[in-house]
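Reading through the structure tokens given below for one structure.
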Amino acid sequence: MTPWPYTVKSDQTLAEAIRIMADKGIHQLPVLEDYEIVGILTDGDVRIAVDQRGKVEKDTMLEIVRGPGDADDDGAGIAASQREFYVPT
């Protein structure tokens with residue numbers, strides 16, 4: 001497990017996350033809100049979100065990835081609805 005992984009905040013855009021992933025050569029980013037993990041963004045999530053919506057400059061992380069325990073508690077964002085959701089351990 002990486003002790004200090006790169007992360008994105010829930011209000012950051014997909015474009016910002018894509019830049020971080022490309023610059024750092026990583027394929028997954030934990031999504032944080034108030035220092036707690038609310039989901040994880042993968043390169044597969046990015047492909048699905050871009051294919052479905054194409055708005056990388058405007059979509060925020062919570063619109064792309066939602067984890068268990070969100071306010072609406074459906075456990076599925078745009079990308080998560082297309083695949084199994086998992087949480088890093």
Side-chain angles (χ1 to χ4, degrees):
M1 187 163 138
T2 305
W4 299 104
Y6 295 104
T7 62
V8 288
K9 294 178 184 173
S10 61
D11 61 349
Q12 285 183 270
T13 65
L14 181 58
E16 292 172 304
I18 291 170
R19 259 185 242 107
I20 293 169
M21 293 170 87
D23 290 348
K24 305 303 179 189
I26 55 179
H27 304 280
Q28 301 173 347
L29 279 173
V31 179
L32 304 179
E33 187 168 46
D34 298 324
Y35 301 101
E36 291 189 22
I37 294 177
V38 294
I40 186 165
L41 180 73
T42 69
D43 50 1
D45 297 335
V46 171
R47 284 191 297 275
I48 291 167
V50 170
D51 285 348
Q52 287 187 358
R53 310 219 350 168
K55 297 187 265 182
V56 298
E57 292 297 330
K58 295 182 180 181
D59 283 340
T60 64
M61 293 300 95
L62 281 184
E63 292 169 322
I64 304 302
V65 177
R66 289 190 194 143
D70 284 341
D72 62 6
D73 205 30
D74 68 359
I78 295 165
S81 66
Q82 299 295 315
R83 65 166 174 76
E84 293 282 322
F85 180 82
Y86 65 95
V87 177
T89 55

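Just so it is clear, the model here is predicted, and its values are computed rather than measured.
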(request) Dump the intermediate steps for side-chain contact (heavy atoms from CB on, under 4.5 Å) on E16 and V8, then the final yes or no. (result) CA-CA 8 Å; E16 292 172 304; V8 288; 5.9 Å; no
(message) Looking at every heavy atom in both V38 and S10, which two are closest together, and how far apart are they?
(response) CG2-CB, 4.5 Å
(request) Heavy atoms only: give me the nearest T7-L32 pair and the separation to one decimal. (result) OG1-CD1, 3.6 Å
(request) Evaluate whether atom CG of D23 has more than 12 neighbouring non-hydrogen atoms of other residues, nucleotides or ligands under 6.0 angstrom away. (result) yes
(message) Tell me every residue that passes side-chain hydrogen bond (donor to acceptor under 3.5 Å, both in side chains) with D11, counting only those two or more places apart in sequence or in another chain.
(response) none
(request) Please name the pair of heavy atoms, one in L41 and one in M61, separated by the smallest distance, quoted to 0.1 Å. (result) CD2-SD, 3.9 Å
(message) Quick check: closest heavy atoms across I40 and D45, and the distance to 0.1 Å?
(response) O-OD2, 3.2 Å
(message) Between V50 and L14, is there a side-chain heavy-atom distance shorter than 4.5 Å?
(response) yes
(request) Return the minimal non-hydrogen interatomic distance between M21 and Q28, and the atom names on each side. (result) CE-N, 3.8 Å
(request) Give the minimum heavy-atom separation between A17 and L29, together with the two atoms involved. (result) O-CD1, 3.7 Å
(request) To the nearest 0.5 Å, tell me how far I26 CD1 sits from T42 OG1. (result) 11.5 Å
